[in-house]
Amino acid sequence: MSISHSDTLKALIDEYVPDLVATRRDLHEHPELAFEEVRTSGIVARRLNALGMEVQTGVARTGVVGLLRGGATRPGAKTIAIRADMDALPIDEMNNVEYRSQIEGKMHACGHDGHTAILLTVADVLSKRRAELAGNVQFIFQPAEEDIGGAKPMVEQGAVKGVDAIIGLHLISDIPFGRVGVRAGEIFASADDYMLTVTGRGGHAASPHEAIDPIVITAHIITALQTLISRETSPFQPSIITIGEIKAGTTFNIIPEKALMRGTVRTFSSIHRTYLMRRIAEVASGIASALGGSCELAWQPGGCPPCHNDPAVTAVVRQAVVATVGEQMLDEDESIMSTGADDMSEFLQAVPGCYFVVGTRNEAKGTHYQHHHPRFNIDEEALPIGVEVLARAAIAYLS
Ligand SMILES: [Zn+2]
Ligand SMILES: [Zn+2]
């Protein structure tokens, strides 16, 4: 791509900003939960069809994939995919804005409305530039990022078949507006949720010797699981084991039959992930049986690996960020990593890619609330930044 084209890209994107903001606000007013993105995916499919793309709908139920064939492709030309997620959350919105969620109990509180609007605008912009594209661009609109995991079935149903690289972004309220975070290697953690069921033998609280107390067993398991972090994983590779829920017993003078625990494991490497999943099972059942009881471990479906960014694709995105916001607005250190998870990792395991973060935090506009907070909102001026980085990176990758 020549420098003159680079310079005109910003001006081209500027023309789309009113539509970009209107699209985001329309999606914000009509949030849809995981695998229910019928209205959203309908809008996406209509717009991609209107641009003359080859469009597949119903991928992983409500996902949409559109292929834009470049006008300057030669045999062996590459294909880059760009991914956005579309789902909202079961939260009542507390923001007092004119585009407030119209659906009680549902809200775009993670910025996925922004991601979808950004990617639709990238589709507009790159379609305008189609004649110059030296390869193809695959637009992936994913359902169900929150909670259930729509990425894995999209990969299984061929969303990245024939794709050479994939990029995507998350708008982030932890990072100030104007800044963009890009980093090779791990950026988001793995997430696997589990339930432990400890079985003892119920009885009278005054006769513990006649019973097997699952609450005491549970206490030992909790302590032992934390030693997996402090004694068995590298201090240079952070991992987390949390137990967020315990249920046992009905009153003070009964030893219950069972105790339940639910928790989550987060890691930044697939090796640590596999290791901790195995050791949690061994330690929990070993302790339970040593103390006369038993313990069953069930992993919840929908766990995902860590997001690993490929160095070569990340270098392309980094250059696009520098061209968009300048090097002084680029963050590359560990501060942009998150112990949260994102199932973009399923795409990144299938093809090399880069997932990066675009800052939306602006106290003056009240966009400083955490993700999933009922007052979460984004500084909409970050939207064209996302469009420009994605468009520049795609053009550069294919050149
Ligand atoms: Zn979220
Ligand atoms: Zn999200």
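Order of listing sets the numbers, starting from 1, for every ligand and every atom in it.
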How are the rings of His170 and His112 set relative to one another: parallel (under 30°), tilted (30 to 60°) or perpendicular (over 60°)? perpendicular
Is the Zn ion (ligand 2) less than 2.8 Å from an N/O/S atom of His115, whether that atom is in the backbone or a side chain? no
With Arg61 as the cation and Phe35 as the aromatic partner, state whether NZ or CZ is under 6.0 Å from the six-membered ring centre and within 45° of the axis. yes
Membership question, hydrophobic clusters at under 4.5 Å side-chain separation (ILVMFWY): are Phe139 and Leu390 in the same one? yes
Closest approach to the Zn ion (ligand 2) by His170, given as the N, O or S atom name: NE2
Within 2.8 Å of the Zn ion (ligand 1), is there any N, O or S atom belonging to His112? no
For Glu37 and Thr62: C-alpha separation, side-chain torsions, deciding distance, then whether side-chain hydrogen bond (donor to acceptor under 3.5 Å, both in side chains) applies. CA-CA 6 Å; Glu37 306 92 338; Thr62 42; 2.6 Å; yes
Any N/O/S atom, backbone or side chain, of Cys110 lying under 2.8 Å from the Zn ion (ligand 1)? yes
Could you state the interatomic distance from NE2 (His272) to OG1 (Thr233), rounded to the nearest 0.5 Å? 4.5 Å
Closer than 2.8 Å to the Zn ion (ligand 1): does that hold for any N, O or S atom in Glu146? yes
